[in-house]
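I have placed the structure first, in the form of structure tokens, so that the comments after it can refer back to it.
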Amino acid sequence: MTTIVAFHAHPDDEVLLTGGTLARAGADGHRVVVVVATDGIIGEHTEDRLNELRTSAAILGVHRVVCLGYADSGHGPLLYDDPPDRTRFVRAPVEEAAGRLAEVLREESASVLISYDANGGYGHRDHVQVHHVGARAAQLAGVTRVLEATMPRELVRSGYTPRAQITHSFNVRGYARKKRAALAAHASQLHRGRSGRIMRLIVRLPLPLFALLLGREWFRTGA
Ligand SMILES: [Zn+2]
């Protein structure tokens with residue numbers, strides 16, 4: 001049995017790029033821990049996204065959820081000031097955030113860290129920060145296996161990782177039902193603007209179609 005720690009920026013990120021892989025690892029008897037850098041809230045606490053994350057994690061068979069306690073930095077052109085009680089993740093010193101993540105890695109004797117590619121996928125500033133913090137935390141805790149969640153750039157046209165650099169491609173169609181249910185658990189996100197409309201469409205897809213579209217997950221071995 002190995003312990004896999006998946007580091008993500010926001011609640012719901014654990015599902016789209018890694019949900020099937022985490023569910024498969026759990027089913028294979030590995031210990032799976034999800035660490036999120038932020039609570040996914042940009043302004044004041046009006047919703048409990050961590051509760052949604054805990055529901056999603058339970059569906060995926062994740063054993064433990066940890067939140068590092070930063071605030072969402074947002075993806076718009078403007079980087080807002082910090083909320084009164086939290087620092088936006090992108091403003092956190094890499095060394096400080098990596099220290100917190102390394103503590104979890106040591107506590108769990110993790111042998112694999114899942115993080116993000118250098119582009120932070122599509123380029124959200126918090127996702128880019130996950131890449132830097134993840135790489136440093138792995139160094140600090142002596143975790144030598146880092147898998148960076150990504151997609152083939154050729155599929156999405158920009159960001160992510162060129163197909164030639166992808167080292168792992170997992171078929172997770174067998175976990176499509178869990179992945180779809182985990183995504184639906186992030187109920188507050190289903191009603192938020194344009195991305196909410198897309199998420200609603202995705203969770204309503206018939207299972208075979210969902211499995212076809214979201215039944216593969218990709219990783220690149222981190223440096
Ligand atoms: Zn995110």
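For ligands, and for the atoms within them, numbers begin at 1 and follow the listed sequence.
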Pair R49 + D12: basic N to acidic O under 4.0 Å: yes

Ignoring waters, how many protein N/O/S atoms are under 2.8 Å from the Zn ion (ligand 1)? 4

If a pair satisfies ring pair (Phe, Tyr, Trp, His ring centres under 6.0 Å) and one of its residues is in residues 6-41, list it, with sequence neighbours excluded. H8-Y116, H10-H124, H10-H127

Charged tip of R24 within 45° of F170 ring normal and under 6.0 Å: yes

Does any pair with a residue in residues 153-179 pass salt bridge (Lys or Arg N to Asp or Glu O under 4.0 Å), and if so which ones, sequence neighbours excluded? K179-E217

Please name all residues satisfying ring-ring contact (aromatic ring centres under 6.0 Å, His included) with F210, sequence neighbours left out, ordered by chain then number. none

Quick one: does P152's side chain get under 4.5 Å of Y160's, heavy atoms only? no

